[in-house]
Amino acid sequence: VAVLHNIGLLACCRAEGGQGDIHAIPDAAIAWRGTDVVWVGPSSELPRDDRDDERIDAEGRLVVPGLIDCHTHLAFAGWRADEFEERIRGRSYLEIATAGGGIVRTVAATRAAATEALVARCAGWLSEMMRLGVTTVEAKSGYGLDVENELRLLDVYETLRQTQSVRIVSTLLAAHVIPAEYAGRRAEYVRMICDDLIPRVAARRAARFCDVFVEASAFTADEARTILHAARMHGLGAKLHADQFTDGGGAALAAEAGAVSADHLECASADGISRLARAGTVAVTLPIAAVYTGRPAAPARTLIEAGVPVAVATDFNPGTAPTFHLPLAMLLASTLQRMTPAEVLKAVTIHAAQAIGEASATGSLEPGKRADFAIIDAPDVNHWIYHFTPNACVSTYIGGRRVH
Ligand SMILES: [Zn+2]
């Protein structure tokens, strides 16, 4: 048994209660055996156990569950810093995409990149994320857009899963945009995803979820319905990029499809939001993308008041969110989405775990779950988010093992 004691404040972040209910325990301790938590509580109640306990002093700091980045587009080649400047000068995301920039451009670069180069880049980013306190990352394909390259990106994630400490949950996002070679043949592309790609991904167990970008420049709600149905027939869970630039009925579709999460939601309708609440779908909000696109952030207060569990993630990608800094997304969720620091913490722990189907294993600190946690150099959650520093995380533990 290993024990972390002298924790100034332990935020357990169990699922029960509201968005801001983080189940904080002052002057706390946590004990784990092997990879799993066996006890959490006030230091004064810590059971006296074996002498060979490993005892670690948290020095009065804040301890939180390992952070979960539940929405990233991790594997891609190249960057698009020139488009960043164009958008600052007033060109819109959709104009750039229509002119051959945007996702299509990253697809060309990614197809041309060597697999080992993609793995090395992702590994470097994952270790940076781990230093920020991140212990689980959802990673989407979506820059391959053909059978060979989509499978190759999912293989990159499988390699990373075997070589990196950070846990990775993979999502197939072949329905990101229509690739150039299918211009004018969108029905054929959708059929290829449903009849060829999804069965192969399922047979290899290469992804847990299937995601669709529902947007004017990408896929219609009807196409998404077809793709998610094929995914479900093959045992893949549903996720959705919904209502980012326009209200395309994405939130309602996510609820109808039984999706674990509806992501973005900047333009979601009131009707869509109440359907999410009834379906128990997690709303994944992505405030970094709102900042980079210069658009209003997701209506987090409306979501919370409607009873939708809200998560926060980076959306790390080379176009609209070229940073993997989850604590930055947390700050922006507080300031732009008007979420309290406690609500934001729950959004990157247990709600993020629910958004990727991992809530039974991680996302909160309680007996039976994995000992994934971060030691934060702050006295409490408010102070951590308020006094934003490049990195307040002093140590990260994954499965009881110190990895930073
Ligand atoms: Zn995204």
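In listed order, ligands and their atoms are each counted from 1. Being a predicted model, the structure only gives us computed values, none of them experimental.
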Worksheet entry | Phe388 ring center near His325 ring center (under 6.0 Å) | yes
Fill in: Leu160 side chain reached by Val119 side chain, heavy atoms, under 4.5 Å
yes
Discussion item. Below 2.8 Å, can you find an N, O or S atom of His264 next to the Zn ion (ligand 1)?
Written reply: no
Worksheet item: Within Asp263, is some N, O or S atom less than 2.8 Å away from the Zn ion (ligand 1)?
Response: no
Worksheet item: Which angle, to 10 degrees, forms at the Zn ion (ligand 1) with NE2 of His71 on one side and NE2 of His73 on the other?
Response: 100°
Worksheet item: Are the charged groups of Glu358 and Arg208 less than 4.0 angstrom apart, N to O?
Response: yes
Worksheet item: Angle at the Zn ion (ligand 1) between NE2 of His241 and OD1 of Asp315, to 10°?
Response: 170°
Worksheet entry | Side-chain (Tyr143) to main-chain (Arg111) donor-acceptor, under 3.5 angstrom | no
